Protein chains: 2
Amino acid sequence: MAIIKRETDYAVRALRKLAGADDFVSVSVLAEGEDVPAIFLRKIMQRLNRAGMVQSRQGPFGGYRLNVAPEDITLLDVVETVQGPLVMNECFVEPEVCRRTEFCPVRVRLAELQVELNARLAEVTLGEVFSAEPAGEGAAR
Amino acid sequence: MAIIKRETDYAVRALRKLAGADDFVSVSVLAEGEDVPAIFLRKIMQRLNRAGMVQSRQGPFGGYRLNVAPEDITLLDVVETVQGPLVMNECFVEPEVCRRTEFCPVRVRLAELQVELNARLAEVTLGEVFSAEPAGEGAAR
DNA sequence: GATAATAGGAGTGATATACTCTTATTGAAT
DNA sequence: ATTCAATAAGAGTATATCACTCCTATTATC
């Protein structure tokens, strides 16, 4: 199972393009050459907009532009606003699913992992990601 | 989104009961009082069996028993055999979904997180989890 | 006012999740 | 040997989630 969904992936690509522009960029331009369906990307951009990460402008020459510097946007921010919060287990968000929440020893350990995963995702900023050299030493292959 | 699925959760509960028994335990007993549908748990136990984590015996007084000590089973082992491997992004497991895999700067960072998440899950053994005091200092609330 | 863009919400097809059901097979007790 | 208690394997199913699309505003420029 993939932890990061396509929506989030698409959002990162769009934010990357926005980081390289200084004016408003339309969704169709953002989608261009990215294998992203434009009208789907529009829905994703709306979420980023509501979260205040980007700013929108309607009408001709409208589109989106960054509202926050890439260095101040973390991977966790994008994940949470686009696909919703990540939790280790369902019981963290819906306690009713399990009635042994309060004394569950597994839960204690998962809570620790949860904190750490979020912290790691929050350490990575888009500024850092965008400035990285394109797979220099073949790191991710 | 929850990273750990119910199947895995159910598996951990069953393994916990097995750790407290020294003979074969039937699926119906394993499911007892755990809010787990017995015939669903049976399917999960079959996967643990195929992975060699437990041993099965058919016939009367049959059931399952541990085949590996709880200290030698990690949370990662359970996750991977029950719900399949965890990956940060789809492109780690199906490169065709994205043709910029080779030069993607996001992927490099995700690969690092991936390694770390797996390492953390592999650090937690069932032995450790089971021996933990039931929510001593209210850690997970 | 026409045109070019986004906003919001409802709708859809495919896949995955969380199960159930049916038909073997195996093993212990009688 | 027969019966009965258990698992094995695989097909089947309902619901939810994912990955989108469509339609009807609204807003801003020319």
Side-chain angles (χ1 to χ4, degrees), chain A residues 1-11 13-14 18 23-32 34-65 67 79 82-87 89-90 93-94 97-98, chain B residues 1-11 13-14 18 23-32 34-65 67 79 82-87 89-90 93-94 97-98:
Chain A
M1 182 196 61
I3 291 172
I4 289 189
K5 303 186 187 158
R6 273 195 220 171
E7 301 169 313
T8 304
D9 208 274
Y10 292 166
R13 292 187 208 173
L18 290 185
D23 205 359
F24 286 89
V25 183
S26 74
V27 169
S28 49
V29 170
L30 287 176
E32 221 161 64
E34 295 281 355
D35 297 316
V36 181
I39 74 178
F40 185 40
L41 183 57
R42 173 164 298 129
K43 307 305 290 185
I44 297 166
M45 295 311 294
Q46 285 174 16
R47 288 182 231 173
L48 296 179
N49 183 30
R50 261 173 261 144
M53 212 170 283
V54 299
Q55 194 188 342
S56 78
R57 192 173 65 178
Q58 301 190 175
F61 305 101
Y64 293 91
R65 77 172 166 200
N67 199 31
V79 167
V82 175
Q83 71 182 47
L86 280 182
V87 291
N89 205 346
E90 210 182 354
V93 66
E94 293 194 55
V97 301
C98 180
Chain B
M1 183 195 62
I3 291 171
I4 289 189
K5 303 189 190 159
R6 273 195 219 172
E7 300 169 314
T8 304
D9 207 274
Y10 292 165
R13 292 187 209 173
L18 290 184
D23 205 358
F24 285 90
V25 182
S26 74
V27 169
S28 50
V29 170
L30 286 177
E32 220 161 64
E34 295 281 356
D35 297 317
V36 181
I39 73 178
F40 185 39
L41 183 56
R42 172 163 299 128
K43 305 306 288 188
I44 297 167
M45 295 311 294
Q46 285 176 15
R47 289 182 230 171
L48 296 179
N49 183 31
R50 261 173 262 144
M53 211 172 285
V54 299
Q55 193 188 343
S56 79
R57 190 172 66 180
Q58 300 190 175
F61 304 99
Y64 294 91
R65 79 172 164 199
N67 199 31
V79 166
V82 175
Q83 70 183 47
L86 279 181
V87 291
N89 206 346
E90 210 182 354
V93 65
E94 293 193 55
V97 300
C98 181

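Side chains are part of it too, since the values below use all heavy atoms of this structure and drop only hydrogens, waters and symmetry mates. The structure displayed is predicted, hence computed values, not measured ones. A note on names: the letters A, B, ... follow the listed sequences, proteins ahead of strands, and every chain is numbered from 1.
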Those residues at least two apart in sequence (or on a different chain) that pass side chain to side chain contact (heavy atoms under 4.5 Å, CB included) with Pro85(A) are Glu80(A)
What residues form a side chain to side chain contact (heavy atoms under 4.5 Å, CB included) with Pro60(B), not counting sequence neighbours?
none
List the atom pairs, donor and acceptor, that lie under 3.5 Å between side-chain atoms in residues 44-52 of chain B and the rest of the protein, sequence neighbours left out.
from, atom 1, to, atom 2, distance (Å)
Arg47(B), NH1, Val82(B), O, 2.6
Arg47(B), NH2, Glu7(B), OE2, 3.2
Asn49(B), ND2, Ser56(B), OG, 3.4

Correct closest heavy-atom pair for Leu18(B) and Tyr64(B) would be CD2-O, 3.3 Å
Heavy-atom closest contact (Val36(B) atom, Ala31(B) atom, distance):
O-CB, 3.6 Å
Could you go step by step and tell me if Met1(A) and Leu86(B) meet the side chain to side chain contact (heavy atoms under 4.5 Å, CB included) rule?
CA-CA 5 Å; Met1(A) 182 196 61; Leu86(B) 279 181; 3.4 Å; yes
Value in whole Å for how far the [atom2] atom of [N] lies from [atom1] of [X]:
X	N	atom1	atom2	answer
Ile44(B)	dT20(C)	CD1	P	11 Å
Arg6(B)	dT20(C)	CZ	C1'	15 Å
Ile4(B)	dA18(C)	CD1	P	12 Å
Asn89(A)	dA18(C)	CG	P	10 Å
Asp9(B)	dC19(C)	CG	P	11 Å
Gln83(B)	dC19(C)	CD	P	14 Å
Asp23(A)	dA5(C)	CG	C1'	13 Å

Go through the structure and list residues passing side chain to side chain donor-acceptor pair (under 3.5 Å) with [X], not counting sequence neighbours.
X	value
Arg13(B)	Asp9(B)
Gln83(A)	Thr8(A)
Arg65(A)	Gln55(A)
Asp35(A)	Arg99(B)

Which is the 5'-most and which the 3'-most nucleotide of DNA chain D that has an atom under 4.0 Å from a heavy atom of chain B?
dA5(D) to dG10(D)
Base versus backbone protein contacts along nucleotides 11-16 of chain C [heavy-atom cut-off under 4.0 Å; B, S, -]
------
Would you mind telling me which of dA10(C), dA18(C), dT17(C) lies closest to the side-chain atoms of Met1(A)?
dT17(C)
Can you list the residues that meet the salt bridge (Lys or Arg N to Asp or Glu O under 4.0 Å) rule with Arg6(B), with sequence neighbours excluded?
Glu90(A)
Contact residues, residues 47-64 of chain B to DNA chain C [heavy atom, < 4.0 Å]:
Gln58(B), Gly59(B), Pro60(B)
Per nearest nucleotide of DNA chain D, the residue lying toward the 5' end, Lys43(B) or Glu90(B), is Lys43(B)
Regarding Arg42(A), tell me which of base, sugar-phosphate or nothing describes its non-hydrogen contacts under 4.0 Å with the strands shown.
base
